[in-house]
Undergrad: 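A single structure is presented below for examination.
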There are 2 protein chains.
Amino acid sequence: MANAKRGRPVQYDREQALQRASDLFWSAGFAATSLDDLSAATQMTRPSLAGAFGDKEALYIAALTRYRDASVDAMREILSGKRLLRTELADVLRKATDVYMASADAARGCMLIGTASVEAVHRPAVRRVLQESLGAFNAVLEERIRKAIADGELDPEADATGLASVASAIMHSLAVRARAGEPRDALDKLSDAALDLICGKRP
Amino acid sequence: MANAKRGRPVQYDREQALQRASDLFWSAGFAATSLDDLSAATQMTRPSLAGAFGDKEALYIAALTRYRDASVDAMREILSGKRLLRTELADVLRKATDVYMASADAARGCMLIGTASVEAVHRPAVRRVLQESLGAFNAVLEERIRKAIADGELDPEADATGLASVASAIMHSLAVRARAGEPRDALDKLSDAALDLICGKRP
DNA sequence: ATCTTTTTATGCGAGATCGAATAAAAATGG
DNA sequence: CCATTTTTATTCGATCTCGCATAAAAAGAT
């Protein structure tokens, strides 16, 4: 019979390596992060990196995908539909801002918007991941907004698609502005204004 | 007496060189654009580039600043106040989308949002330009919205600061989505939905 | 016409980057 | 205990990157 798993066992933890690689990509971007940087951060030699993930772009895409999946899951969990849309949406925006400004030094914004956008023009694979990801976030928002319309929290005539795209836009802007160094309260003001427009001004 | 202008006259056109350099930075980003690329595109040798603009980052900042000034001027011109806010704002969003999707191949979005965001984390000078620029665009929008409130086109209770930040957010999102490869009509739908929210749904 | 000044042109060199190729190590199978 | 397989470790080489240093060219000043 053939095998179970022969050969020398891997020493690295794939998830942990992806996490460390993501940190570098997230703050410096794809182009400014070298394989040596990644090798040092993951404590994997370059041949090991190549064997585990392929070339630099493949590693970057794996990091992006992992980030996206975790973020979409987190968003979906907050938008569970158990509370008011306004409450849940405020929570999404606040938690997103937390993540975008989490870094000890300069804020890093959203990894997709902050680092994948540049590469999207000349790297179709990155562009595809970015576009799919924007669509995934938007879809979660739109679904939740449809529920709010059905529940009567929003005007039955409301345009769920349009409102979702505006809500997405607010997140895109939070990501950009965080990375530009805007202070927390400016981001919160944007979120509040957007909530008033999307959900109706609160009394 | 000292001089008028001695020495060999410059052969390059500074504006044209900045234009060509901007094209490269805009599509590939700062990190992925080499001095050799810039030298070839501007038809200036590297020492000439260094003499005229300083190092690569200084050239990039000059390109960003020029782009920003031209864009702010264009926006201010459209938001002249001669027409309805809704009409002028629709014009701003449409023309911005035109620019963001102008490229023959992959759309390049906004040069500031698409390329300066990545660098902003590790390059304070770039971060400063980006933050100032976002503020400049926002200020033009806010001023025009204040006028609309004074003119009675918008509710006198409307929050000009908040509405301006939402309008800015729409532009940020248009920039990101263009670079992500979203189709024109998706961007136009976002603009329409935003106009309905900001200016009030049209009858 | 010669000198001075400023720009352009060419090339050098230290350092980094990335992929691949080769050798050593660690596990299983017979 | 030896062979096979898979990962890890080290190294090399081709290319790119960027700043600088030196030489040539083009203009004004005297």
Side-chain angles (χ1 to χ4, degrees), chain A residues 1-25 27-64 115 118-119 122-123 125-126, chain B residues 1-25 27-64 115 118-119 122-123 125-126:
Chain A
M1 192 174 299
N3 64 334
K5 45 176 179 176
R6 320 221 321 188
R8 180 171 174 171
V10 298
Q11 291 189 321
Y12 56 84
D13 174 347
R14 190 186 166 92
E15 268 306 300
Q16 186 183 43
L18 264 183
Q19 169 67 48
R20 303 234 170 110
S22 295
D23 270 348
L24 293 192
F25 283 136
S27 73
F30 173 81
T33 303
S34 74
L35 279 180
D36 282 330
D37 296 336
L38 293 163
S39 175
T42 58
Q43 290 174 321
M44 294 168 66
T45 60
R46 286 213 306 281
S48 289
L49 275 176
F53 300 105
D55 66 3
K56 194 176 136 184
E57 181 173 317
L59 171 55
Y60 179 56
I61 292 201
L64 283 181
T115 76
V118 225
E119 306 299 332
H122 287 306
R123 296 183 187 271
V126 175
Chain B
M1 188 177 301
N3 62 337
K5 45 176 180 177
R6 320 218 322 187
R8 179 171 175 172
V10 299
Q11 291 188 322
Y12 56 83
D13 174 346
R14 190 186 165 92
E15 268 307 300
Q16 186 182 44
L18 264 183
Q19 169 67 50
R20 303 236 172 108
S22 295
D23 270 348
L24 293 192
F25 283 135
S27 73
F30 173 81
T33 303
S34 75
L35 279 181
D36 283 330
D37 296 336
L38 293 163
S39 176
T42 59
Q43 290 174 321
M44 295 169 65
T45 60
R46 285 211 306 281
S48 290
L49 275 176
F53 300 105
D55 66 2
K56 193 176 136 184
E57 181 174 317
L59 171 55
Y60 179 57
I61 292 202
L64 283 181
T115 76
V118 225
E119 307 299 331
H122 288 306
R123 296 183 186 271
V126 174

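Numbered from 1 within each chain, the chains take letters A, B, ... in sequence-line order.
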Undergrad: Expressed in angstrom and rounded to an integer, what is the separation of A:Phe53 atom CZ from C:dC18 atom P?
TA: 16 Å

Undergrad: Whole angstrom is fine here: how far is it from CG in B:Asp36 over to P in D:dC18?
TA: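 Rounded to the whole Å, the gap is 8 Å.
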
Undergrad: Grab the OH-P distance between A:Tyr12 and D:dT7 for me, whole Å please.
TA: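 Spelled out: OH on A:Tyr12 to P on D:dT7 is 6 Å.
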
Undergrad: In whole angstrom, give the distance that lies between atom CD of A:Glu57 and atom P of C:dG19.
TA: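 Atom CD in A:Glu57 sits about 11 Å away from atom P in C:dG19.
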
Undergrad: At under 4.0 Å, does any side-chain N or O of B:Ser48 touch on OP1 or OP2 of C:dT7?
TA: no

Undergrad: B:Arg46 has a side chain; which of C:dA20, D:dT8, C:dC12 sits nearest to it?
TA: C:dC12

Undergrad: Could you tell me if A:Asp36 and A:Ser39 have a donor-acceptor pair between their side chains, going purely by distance under 3.5 Å?
TA: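 There is no such pair between these side chains.
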
Undergrad: Would you mind telling me which residue lines up with the more 5' stretch of DNA chain C, A:Leu35 or A:Pro47, judged by nearest nucleotide?
TA: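 With A:Leu35 and A:Pro47 compared, the 5'-side residue is A:Leu35.
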
Undergrad: Distance check needed: C:dA9 C1' versus B:Leu49 CG, whole Å only.
TA: 13 Å

Undergrad: Could you give the CZ-to-C1' distance, from A:Arg14 to D:dT7, as a whole number of Å?
TA: 15 Å

Undergrad: Give, for atom CG of A:Leu38 and atom CG of A:Asp23, the distance between the pair rounded to the nearest 0.5 Å.
TA: 11.0 Å

Undergrad: Separation of A:Phe30 atom CZ from C:dC18 atom C1', in whole Å?
TA: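 Value for this atom pair: 11 Å.
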
Undergrad: Which pairs, with at least one residue in residues 38-64 of chain B and sequence neighbours excluded, count as a ring-ring contact (aromatic ring centres under 6.0 Å, His included)?
TA: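 Listed by first then second residue: B:Phe25-B:Tyr60, B:Phe30-B:Tyr60.
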
Undergrad: Which residues satisfy the side-chain hydrogen bond (donor to acceptor under 3.5 Å, both in side chains) test with A:Glu57, sequence neighbours excluded?
TA: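 side-chain hydrogen bond (donor to acceptor under 3.5 Å, both in side chains) list for A:Glu57, sorted by chain: A:Arg123.
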
Undergrad: With respect to the side chain of B:Thr45, which nucleotide from D:dC18, C:dT8, D:dT10 is positioned closest?
TA: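 From the listed options, C:dT8 comes nearest.
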
Undergrad: What is the distance from CG of A:Asp55 to P of C:dG19, rounded to the nearest Å?
TA: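 Rounded to whole Å, this separation is 6 Å.
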
